[in-house]
Structure formats: structure tokens, C-alpha cells
Undergrad: 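One structure is given below, represented as C-alpha cells, and several questions about it will come after.
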Protein chains: 2
Amino acid sequence: MTTRAARAAPRYAQVAADLRAEIQRGDYGAGSAMPTESALCARYGVSRFTVREALRQLQAEGLIRRRRGSGTVVDPDGGSALRQSLTDVKELLQYASGSTYQFEPVGPVVLSPQRARDLNAEAGERWHLFEGLRTMAGHHRPIAYTAAYVHDAFAAVVPKVRRGETIFRQLERLGGIKIAKVTQDIRAIGAGAREAELLKVPRRSPCLSILRCYVDTTGRIVEMSLSVHPGDLFTYSMHIDEV
Amino acid sequence: MTTRAARAAPRYAQVAADLRAEIQRGDYGAGSAMPTESALCARYGVSRFTVREALRQLQAEGLIRRRRGSGTVVDPDGGSALRQSLTDVKELLQYASGSTYQFEPVGPVVLSPQRARDLNAEAGERWHLFEGLRTMAGHHRPIAYTAAYVHDAFAAVVPKVRRGETIFRQLERLGGIKIAKVTQDIRAIGAGAREAELLKVPRRSPCLSILRCYVDTTGRIVEMSLSVHPGDLFTYSMHIDEV
DNA sequence: CAGTGGTCTAGACCACGCG
DNA sequence: GCGTGGTCTAGACCACTGG
């Protein structure tokens with residue numbers, strides 16, 4: 001039944017999704033061996049290329065570790081909720097699963113010189129601002145305050161943006177574009193007056209600031225967002241393989 | 001002359017290095033087209049697989065951007081000194097090129113409960129401490145204070161560790177192991193008494209803290225390092241492709 | 001429409017880990 | 001020595017971009 005119906009994902013993505021589900025279901029004990037490449041080729045009826053592409057994806061997500069000569073094993077840290085890989089955008093979005101994010105449109109704004117400097121943009125430009133707080137079940141203090149700026153080229157679709165899905169995904173769908181790259185600049189800052197009030201932290205207390213720029217396939221900056229996290233509530237975890 | 005002499009890097013790495021040098025030399029104007037895959041196949045006399053593997057590496061480093069149907073272009077931000085990709089360990093090490101790093105062995109230490117908590121480790125364990133400062137040409141203030149802890153299993157090689165090369169590379173060589181993974185936890189903290197003094201910042205001022213764990217192929221933590229950067233001098237930049 | 005990069009096959013040889 | 005994953009070849013078809 002591989003008829004039409006949405007033209008389906010590539011084979012390697014399907015294999016990866018299947019194996020990811022098995023890993024997270026715990027079919028292979030943490031630290032224990034997974035099937036070899038040739039076994040997976042037989043099981044899915046695909047070539048080694050396809051299997052390796054799927055495994056490459058899982059490795060990038062930090063779920064598995066591979067060694068020439070010995071084999072493929074499930075990464076013991078990989079499943080831990082504490083160390084959540086964020087090198088992948090899919091996880092970058094749903095990061096801190098169990099958290100909820102509420103944002104509201106504020107309206108069009110013209111960047112002040114101060115804001116422009118924070119955002120690494122030009123003063124005087126017109127952007128459409130959304131403000132939001134991310135809260136975590138069980139915490140009375142928010143874990144993030146976010147200001148998101150959408151480029152004026154999308155003024156027509158801004159009123160259609162809804163909660164429940166990330167802004168940039170909606171811009172892709174409503175604006176007919178595709179985000180090709182996300183850049184992140186991570187810094188430590190002292191809480192400003194507004195952040196301090198909303199995040200319920202003392203003014204000037206250490207906060208993690210994450211500036212994200214969403215770039216489409218043609219290289220235009222479509223959206224910028226500036227998130228501020230209380231230093232005591234938030235850690236950005238990542239991993240790097242193939243040193 | 002591809003005789004022996006160190007068994008050489010894989011072909012795709014050589015192709016990648018060659019293209020990287022050309023890009024950084026400015027042979028292709030930023031934003032302009034690079035040779036197509038088939039052109040590179042012909043030029044280097046290799047298969048498309050090898051060329052694609054090389055280009056995949058350059059893409060992961062943020063140097064190029066690719067689009068089906070149109071082609072491969074040099075990423076306009078990629079060459080910028082301001083936005084330096086750090087998703088690759090090679091750059092993670094020589095990050096902020098132009099900076100110098102001086103460290104000194106302090107000796108064996110037994111982790112206090114406080115330190116153990118900072119490092120996410122067990123109190124009472126014995127580690128070998130190195131302390132260092134990273135300074136940048138033209139700045140009178142250091143951009144980082146680093147405390148690096150080497151596992152007691154490497155007590156024998158600790159006295160042989162020298163400046164001028166990263167500690168973990170020396171552990172690989174001297175200890176006969178291989179680092180397979182590096183994890184990073186990035187947080188915002190307030191400067192403690194010692195950091196404040198060494199970094200010449202006020203106490204409790206916002207700083208970026210980076211805790212790195214170096215894990216070998218068997219899953220053991222070989223080294224941990226805790227770097228503290230003044231918030232106003234240091235930004236951690238990264239990028240994510242294939243959203 | 002021709003040409004690009006994305007996916008995929010069926011082979012091959014090799015370096016490495018382990019028994 | 002055997003099986004693992006890492007590298008590599010020479011093909012193929014497809015989706016997409018652009019003129």
C-alpha cells in the first residue's frame with residue numbers, strides 16, 4: 001500500500017522512525033546490541049545504503065553509538081530524560097517535553113536602536129511581534145520568556161497565526177516558504193526589568209538568552225526570536241559525535 | 001604519491017579539505033555557485049558518493065547550502081567571523097581562533113559535595129585538576145576560566161600532559177583511548193568569588209557556564225571540564241540545517 | 001525541457017574488534 | 001579468522017528548479 005497519499009517519506013526515514021520507536025519502547029536494553037546492518041537490510045528488504053542512512057540519523061540524535069568491528073548499541077545516556085539531545089530541530093521545538101507555550105500577537109513594531117542591537121538587525125525596520133511564556137508542569141515559575149519577530153513580508157499571514165504550533169511552521173505553510181536553516185546565539189545576560197517581572201526572578205540575575213534566526217531557502221531571515229531563561233531553571237544540553 | 005606515510009585520511013575528507021580551503025580563500029564569491037557534483041566527480045576522479053560525503057561535511061560545518069534543482073552555493077553567513085559554527089568538535093576546540101589558552105596542573109583532588117553537584121558527579125571521587133584561562137588578543141580581560149578534571153584511571157599519564165594541545169587529545173594519545181562523544185551542558189550562572197577575581201568581573205554577574213564530558217568508546221567518562229565565560233564577552237553560536 | 005541534488009541498488013574492499 | 005561498520009564504485013530513477 002505505497003500508493004499515493006502524501007508521497008510518503010524516504011525509505012531511510014521510515015526505517016529510522018521504526019527503529020527509534022523500538023529503542024524508545026525499550027526493545028533493546030540500554031547499552032546492549034542492536035541488529036547489524038545486514039540483518040536490518042534483510043528485515044526491511046532495503047539496501048545497505050538505506051539502512052546506513054537511517055542509522056546515521058539515529059546517531060545524530062544521540063540514540064545509538066556505533067563501532068567498527070564491534071557493532072551498534074543503544075546509547076545509555078540517550079534515553080535519559082535529563083540529557084535531551086537538542087542538535088536536531090525536531091527536538092529543539094518540543095524541547096522540555098511536558099512544557100507548554102502560550103504566546104500572543106502584540107502587533108507590528110518598529111525596532112528601536114536598542115532592540116535592533118539585541119537582535120543583530122537594523123533599527124527602523126518593521127516586524128510583527130509575538131510575546132509568550134513557556135511554563136512547565138509542576139513549576140510555578142515560567143522557564144522562558146520569548147519575543148518572536150516575524151518579517152513584514154508576512155504581514156498578510158500574521159493574523160492567521162495560531163497557538164499550538166510553532167510560528168515558523170505556520171509561516172512555512174501559510175506563506176508558502178521553507179525554513180532551511182536556524183542559527184542560534186546563546187549568551188548569559190542579566191534579567192531586564194520586563195523579564196524579571198514575568199519570570200519572577202530578581203533584576204540582573206543570570207539568565208540564558210537564546211537568539212534564533214530562521215532563514216528560508218533563499219537566504220532571507222523570516223523570523224527572529226529571543227528567549228530568556230532563568231539560569232537556575234534551564235540548561236541547554238547537546239552532544240557531539242565523531243570527535 | 002599515496003604510498004604509506006600515515007595511511008592518509010579518507011578520500012572524501014581530502015576532497016572536503018580541498019574545497020574548504022578554496023571557500024575560505026574566497027575562490028567562490030559568497031552566495032555564488034560552486035561546481036556541481038558531477039563536475040567535482042570529474043575533477044577529483046572519484047564517485048558521486050565520495051563527493052556527496054565531502055559536501056555533507058561542509059554543509060554540517062555551515063559553509064555551504066544546497067538545493068535540489070538549483071545547486072550548491074557558499075553560505076553568505078558561513079564565512080563571517082562573527083558567526084562561527086561550533087557544531088563540529090574541530091572548531092569547538094580552536095574556537096575563537098586568535099585566542100590562547102594557558103593551563104596548569106593543580107594536582108589530584110577529591111570532589112567536595114558542592115563540586116560534585118556542579119559537575120554532575122559523585123562526591124568523594126578522585127580526579128586530577130587542571131586550571132586555566134583563555135585570553136584573546138586585544139582584550140585585557142580573559143574570555144574564559146576553565147577547570148578540567150581527568151579521571152584517576154589516567155593518573156600515570158597526567159604528569160606528561162603539556163600545554164599547546166587539548167588535554168583530551170593528549171589523553172587519547174598517551175592513554176591509548178579514543179573519545180567517541182562529547183556532551184555539553186550550557187547554563188547561565190552568577191560569577192563565584194574565584195571566577196569573579198580571575199575573569200575581572202563583579203561577583204554574581206551573569207556568566208555562561210559550559211560543562212563538557214568527554215566519553216570514550218567504551219562509555220567511560222574520561223575528562224570533565226567546566227568553563228565559565230563573562231556574559232558580555234562570549235556568545236555561543238551554532239546552526240542547524242535540514243529543519 | 002535539461003540539469004541539479006536527493007534517494008536507492010548491488011556490488012566491493014578495507015580497518016578494526018573480538019574470540 | 002570472522003564479522004562488524006567505514007569507505008567507495010558505477011550505475012539508476014526521481015523531485016525539483018530554472019530558463
Side-chain angles (χ1 to χ4, degrees), chain A residues 2-4 6-17 19 28 32-60 64-75 176-178 180-181 216-219 241-243, chain B residues 2 4 6-17 19 28 32-60 64-75 172 176-178 180-181 216-219 241-243:
Chain A
T2 319
T3 46
R4 45 176 160 271
R7 192 59 210 107
R11 295 265 258 286
Y12 68 83
Q14 300 177 30
V15 172
L19 292 174
Y28 315 102
S32 87
M34 288 191 55
T36 64
E37 294 184 354
S38 58
L40 292 173
C41 290
R43 171 171 158 191
Y44 292 104
V46 298
S47 76
R48 203 172 153 215
F49 170 91
T50 304
V51 164
R52 284 182 63 77
E53 204 63 24
L55 293 176
R56 190 201 285 265
Q57 197 169 315
L58 297 181
Q59 188 172 26
I64 62 173
R65 201 180 308 170
R66 323 193 66 204
R67 256 211 299 175
R68 164 159 48 186
S70 92
T72 301
V73 297
V74 176
D75 192 317
I177 54 150
K178 191 166 180 318
K181 194 170 79 163
D216 74 0
T217 47
T218 67
D241 293 301
E242 306 173 48
V243 180
Chain B
T2 319
R4 45 177 158 275
R7 195 55 212 113
R11 295 265 261 286
Y12 68 82
Q14 300 177 29
V15 172
L19 293 174
Y28 314 102
S32 87
M34 286 191 56
T36 65
E37 293 184 354
S38 59
L40 292 172
C41 290
R43 170 172 158 190
Y44 292 103
V46 298
S47 77
R48 204 176 150 210
F49 171 90
T50 304
V51 163
R52 283 181 63 79
E53 204 63 24
L55 292 176
R56 190 201 285 264
Q57 198 168 313
L58 298 182
Q59 188 172 25
I64 61 174
R65 200 180 310 168
R66 324 192 64 205
R67 253 211 303 175
R68 164 159 47 187
S70 91
T72 301
V73 298
V74 177
D75 192 317
E172 283 187 323
I177 54 150
K178 192 165 180 320
K181 193 170 79 161
D216 74 0
T217 48
T218 67
D241 292 301
E242 306 173 47
V243 182

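Chain letters run A, B, ... following the sequence lines, proteins first, then strands; residues in each count from 1. Computed over heavy atoms, backbone and side chain alike; hydrogens, waters and symmetry mates excluded.
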Undergrad: Can you find a pair of side-chain heavy atoms, one from B:Leu55 and one from B:Leu40, that are under 4.5 Å apart?
TA: yes
Undergrad: Report the distance from atom CD of B:Glu53 to atom C1' of D:dG6, rounded to the nearest whole Å.
TA: 10 Å
Undergrad: If I take atom CG in residue B:Leu55 and atom C1' in nucleotide C:dG5, what distance separates them, rounded to the nearest angstrom?
TA: 10 Å
Undergrad: Protein-nucleotides 8-10 of chain D N/O pairs closer than 3.5 Å?
TA:
unit_1 : atom_1 : unit_2  : atom_2 : d
D:dC8  : OP1    : B:Arg11 : N      : 2.6
D:dC8  : OP2    : B:Arg11 : N      : 3.3
D:dC8  : OP2    : B:Tyr12 : N      : 3.3
D:dT9  : OP1    : B:Arg11 : NH2    : 3.4
D:dT9  : OP2    : B:Ser47 : N      : 2.7
D:dT9  : OP2    : B:Ser47 : OG     : 2.6
D:dT9  : OP2    : B:Thr50 : OG1    : 2.5

Undergrad: Look at all strands and tell whether A:Arg67 reaches a base, only sugar-phosphate, or nothing, counting heavy atoms closer than 4.0 Å.
TA: sugar-phosphate
Undergrad: Just the rounded figure in Å: distance from C1' of C:dG5 to NZ of A:Lys178.
TA: 13 Å
Undergrad: Rounded at 0.5 Å granularity, tell me how far CZ in B:Arg67 sits from NZ in A:Lys178.
TA: 10.5 Å
Undergrad: CZ of B:Arg56 versus P of C:dG5: gap in Å, rounded?
TA: 15 Å
Undergrad: What is the distance from atom CD1 of B:Ile64 to atom CD of B:Gln59, rounded to the nearest 0.5 Å?
TA: 5.5 Å
Undergrad: For the pair made of CZ in A:Arg68 and P in C:dC18, what is the distance, rounded to whole Å?
TA: 13 Å
Undergrad: Could you state the CD1-C1' distance from A:Ile64 to D:dG5, rounded to the nearest angstrom?
TA: 11 Å
Undergrad: Specify the separation, in whole Å, of atom CG of A:Leu40 and atom P of D:dG3.
TA: 17 Å
Undergrad: Does B:Ser70 place a side-chain N or O at less than 4.0 Å from the phosphate oxygens OP1/OP2 of C:dT4?
TA: no
Undergrad: If I take atom CZ in residue A:Arg66 and atom P in nucleotide C:dA15, what distance separates them, rounded to the nearest angstrom?
TA: 19 Å
Undergrad: Flag the pair A:Arg56 / B:Arg56 as yes when at least one side-chain heavy-atom distance between them is below 4.5 Å, and no otherwise.
TA: yes
Undergrad: At their closest point, which heavy atom of A:Met34 faces which heavy atom of A:Leu19, and how far apart are they?
TA: CE-CD2, 4.2 Å
Undergrad: Could you tell me if the side chain of B:Glu53 sits less than 4.5 Å from the side chain of B:Thr50, heavy atoms only?
TA: no
